[in-house]
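Report on one structure; see the data block that follows.
Numbers restart at 1 for each chain; the letters A, B, ... are given by sequence-line order, proteins then strands. Because the structure is predicted, anything quoted here is derived from the model rather than measured. When reading the values below, keep in mind they use all heavy atoms of this one structure, side chains included, and skip hydrogens, waters and symmetry mates.
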Amino acid sequence: MPELPEVETIKTDLEKIILGKKIKVAEIKAAKIIKEPSAEEFAGKIKEEIIKKIIRRGKYLIFEFLSGKYLVIHLKMTGQLIYGDKNKQSKISFLLGNGQYLNFCDWRLFGEIRLIDDLEKFKGISKLGIEPLDIKFTIRMFYEMIKKKRSKIKSLLMDQSFIAGIGNIYAQESLFKAKIHPAKIALNLSKNESDKLFFSIKEVLTEAIKYRGSSINTYLDLEGRKGSMGERLRIYGRKGKPCFRCKSIVVGMKIAGRGTAFCPNCQK
DNA sequence: CGGGGCTCCTGTGCGC
DNA sequence: TGCGCACAGGAGCCCC
């Protein structure tokens with residue numbers, strides 16, 4: 001799914017077109033995506049809400065309404081938000097005050113939408129760890145955090161309660177950039193490795209935002225366009241191909257149930 | 001605490 | 001050609 005850079009791209013695009021607009025109606029074709037309240041209640045409650053602010057927290061996209069309520073969206077693996085005409089594949093369509101639609105599309109139906117009164121009462125958000133691009137996330141803090149952990153470093157990077165927003169693509173990219181083996185136990189990283197990984201995370205995420213995210217399979221931005229970060233990925237999906245750095249054959253393994261590619265020569 | 005497996009879904013691609 | 005399995009950007013849950 002969209003990870004932090006993809007959600008951030010949608011967020012900044014949304015800010016340009018949707019602030020101050022009203023949601024007239026929500027048309028619900030796949031009720032299972034609405035997690036709370038019930039789909040019927042959701043449709044009734046969201047009418048006439050006016051969008052005051054757009055927030056990203058981890059991989060969550062949040063609409064803050066003038067009323068003080070929040071629309072919380074998680075795109076999971078294949079969710080998309082497409083703005084414009086009504087979209088045939090749309091699972092939830094929001095008709096806006098200007099006659100345009102915000103379409104939530106999601107062929108795997110893993111996506112989640114909630115309308116809630118209090119953000120912090122929602123566990124999915126309250127348990128999230130630090131934002132990796134926040135200035136409060138420091139090199140010193142990162143080392144303090146990882147030196148207590150016995151888990152594999154890649155599992156840790158993808159743990160949303162540890163750091164919010166990194167998923168399977170950018171965890172692999174950050175580790176490749178820092179030349180660290182994805183299965184290395186976190187507390188065994190040296191201070192130097194920890195520092196390299198810290199900068200790699202920031203650089204990889206920043207680059208991915210600059211190039212508007214990776215469109216490996218399904219991710220599209222608000223206008224239905226692909227991001228160009230996919231062409232810039234250095235390790236994700238390259239199992240069996242030569243490493244860009246040393247030409248060794250990239251290998252794959254499963255970590256936390258997820259496919260993981262790494263260079264056995266560069267990443268120690 | 002950590003990790004493995006399964007689950008929610010649909011679609012694609014590969015090996016036999 | 002056809003079938004069945006593995007796998008896909010997420011993450012919660014159970015169990016060990």
Side-chain angles (χ1 to χ4, degrees), chain A residues 1-10 29-36 56-61 72-81 88-92 104-114 122-129 132 145-176 182-188 201 204-205 207-209 211-221 226-240 252-261:
Chain A
M1 108 147 205
E3 302 180 32
L4 184 155
E6 290 76 23
V7 181
E8 182 66 21
T9 300
I10 296 173
K29 284 201 200 127
K32 87 172 282 281
I33 289 173
I34 308 292
K35 302 299 177 186
E36 67 174 287
R56 180 194 57 74
R57 179 78 174 95
K59 301 172 193 173
Y60 284 96
L61 186 66
V72 178
I73 300 175
H74 198 304
L75 301 169
K76 291 289 182 94
M77 296 283 256
T78 55
Q80 303 169 334
L81 266 186
K88 272 184 196 162
Q89 293 123 323
S90 177
K91 299 296 187 281
I92 314 285
F104 181 91
C105 304
D106 186 2
W107 55 270
R108 279 178 81 178
L109 299 173
F110 286 171
E112 300 184 347
I113 296 181
R114 301 177 159 77
F122 171 47
K123 256 199 167 161
I125 286 180
S126 62
K127 63 145 218 204
L128 289 176
M145 284 162 69
I146 64 169
K147 77 177 188 190
K148 295 183 208 116
K149 297 288 189 175
R150 282 193 182 280
S151 51
K152 293 171 183 156
I153 186 64
K154 190 203 171 206
S155 303
L156 201 52
L157 294 182
M158 291 176 58
D159 178 350
Q160 301 304 298
S161 66
F162 185 74
I163 298 176
I166 300 174
N168 201 27
I169 292 181
Y170 301 116
Q172 290 174 63
E173 293 297 314
S174 300
L175 288 163
F176 177 73
K184 186 154 185 165
I185 301 302
L187 55 70
N188 289 338
I201 290 167
V204 162
L205 295 176
E207 182 186 10
I209 291 170
Y211 290 95
R212 303 180 56 79
S214 305
S215 294
I216 298 303
N217 193 4
T218 56
Y219 167 72
L220 298 175
D221 71 12
K226 294 185 174 195
S228 57
M229 186 63 190
E231 305 148 29
R232 310 183 69 85
L233 298 176
R234 310 310 285 168
I235 197 73
Y236 175 83
R238 303 204 74 251
K239 178 181 169 184
M253 71 186 294
K254 286 259 178 199
I255 296 180
R258 315 292 300 279
T260 305

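- In this structure, I33(A) and E112(A) have side chains that are not in contact, with every pair of non-hydrogen atoms separated by 4.5 Å or more.
- Here the CE atom belonging to M229(A) is positioned 9.5 Å from the CD1 atom belonging to I216(A), to the nearest 0.5 angstrom.
- Separating the CE atom of M158(A) from the C1' atom of dA8(C) is a distance of 12 Å, rounded to the nearest angstrom.
- Helical stems in DNA chain C, defined as runs of 3 or more consecutive Watson-Crick or G-U wobble pairs with donor-acceptor distances under 3.5 Å: B:2-8 with C:10-16, B:10-16 with C:2-8.
- Put simply, CD on E112(A) is 11 Å from P on dC13(C), counting in whole angstrom units.
- Annotation: the span from I169(A) atom CD1 to Y236(A) atom OH amounts to 5.0 Å, rounded to 0.5 Å.
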Please write out the pairs of protein N or O atoms and N or O atoms of nucleotides 3-5 of chain B separated by less than 3.5 Å, giving the distance to one decimal.
residue : atom : partner : partner atom : Å
dG3(B)  : OP1  : K152(A) : N            : 3.1
dG4(B)  : OP1  : K152(A) : NZ           : 3.2

I need a per-nucleotide contact map over nucleotides 6-11 of chain B, read 5' to 3'. Cutoff is protein heavy atoms under 4.0 Å; write B for the base, S for backbone only, - otherwise. --BBBS

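- Straight-line distance between the P atoms of dG5(B) and dA6(C): roughly 12 Å, to the nearest whole Å.
- Tested against E8(A) for a salt bridge (charged side-chain N to carboxylate O under 4.0 Å, His left out), the candidates R57(A), K59(A), R56(A) yield a single pass: R56(A).
- Backbone-only contact: G259(A) has heavy atoms under 4.0 Å from sugar-phosphate atoms and none from a base.
- Here CG of D159(A) is found 7.5 Å from OG of S151(A). Values are rounded to the nearest 0.5 Å.
- Residues I113(A) and F104(A) meet the side-chain proximity criterion, which asks for heavy atoms closer than 4.5 Å.
- No side-chain heavy atom of Y60(A) sits less than 4.5 Å from a side-chain heavy atom of I73(A).
- Between the P atom of dG12(C) and the CD1 atom of I125(A) lies a distance of 12 Å, rounded to the nearest Å.
- Atom CZ of R238(A) and atom P of dA8(C) are 16 Å apart (whole Å).
- In terms of phosphate contacts, Q160(A) brings a side-chain nitrogen or oxygen within less than 4.0 Å of OP1 or OP2 of dA11(C).
- Side-chain contact, K254(A) with T260(A): no donor N or O sits under 3.5 Å from an acceptor N or O.
- Spacing of C1' atoms, dG2(C) relative to dC9(B), comes out at 24 Å, to the nearest Å.
- Ionic pairing of E207(A) and R232(A) is present here: one or more N-O contacts between side-chain nitrogen and carboxylate oxygen are shorter than 4.0 angstrom.
- For the P atom pair drawn from dC6(B) and dC5(C), the interatomic distance equals 14 Å after rounding to whole Å.
- Residues Y211(A) and P5(A) are not in side-chain contact: their nearest non-hydrogen atoms beyond the backbone lie 4.5 Å or more apart.
- The distance between atom CG of L187(A) and atom C1' of dG2(B), rounded to the nearest whole Å, is 12 Å.
- Within 4.0 Å of K35(A), counting heavy atoms only, lies no atom of the nucleic acid at all.
- Between K123(A) and dG12(C) there is no side-chain N or O to OP1 or OP2 distance below 4.0 Å.
- With rounding to the nearest 0.5 angstrom, the CG atom of L205(A) is 8.0 Å from the CD atom of E3(A).
- Here R258(A) reaches the OP1 or OP2 of dG10(C): one of its side-chain N or O atoms lies under 4.0 Å away.
- Rounded to whole Å, the distance from CD1 on I216(A) to C1' on dG10(C) is 16 Å.
- Residues F176(A) and V204(A) fail the side-chain proximity criterion, which asks for heavy atoms closer than 4.5 Å.
- Atom C1' of nucleotide dG12(C) and atom CE of M77(A) are separated by 14 Å, given to the nearest angstrom.
- One finds a side-chain N or O of H74(A) lying less than 4.0 angstrom from the OP1 or OP2 phosphate oxygen of dA11(C).
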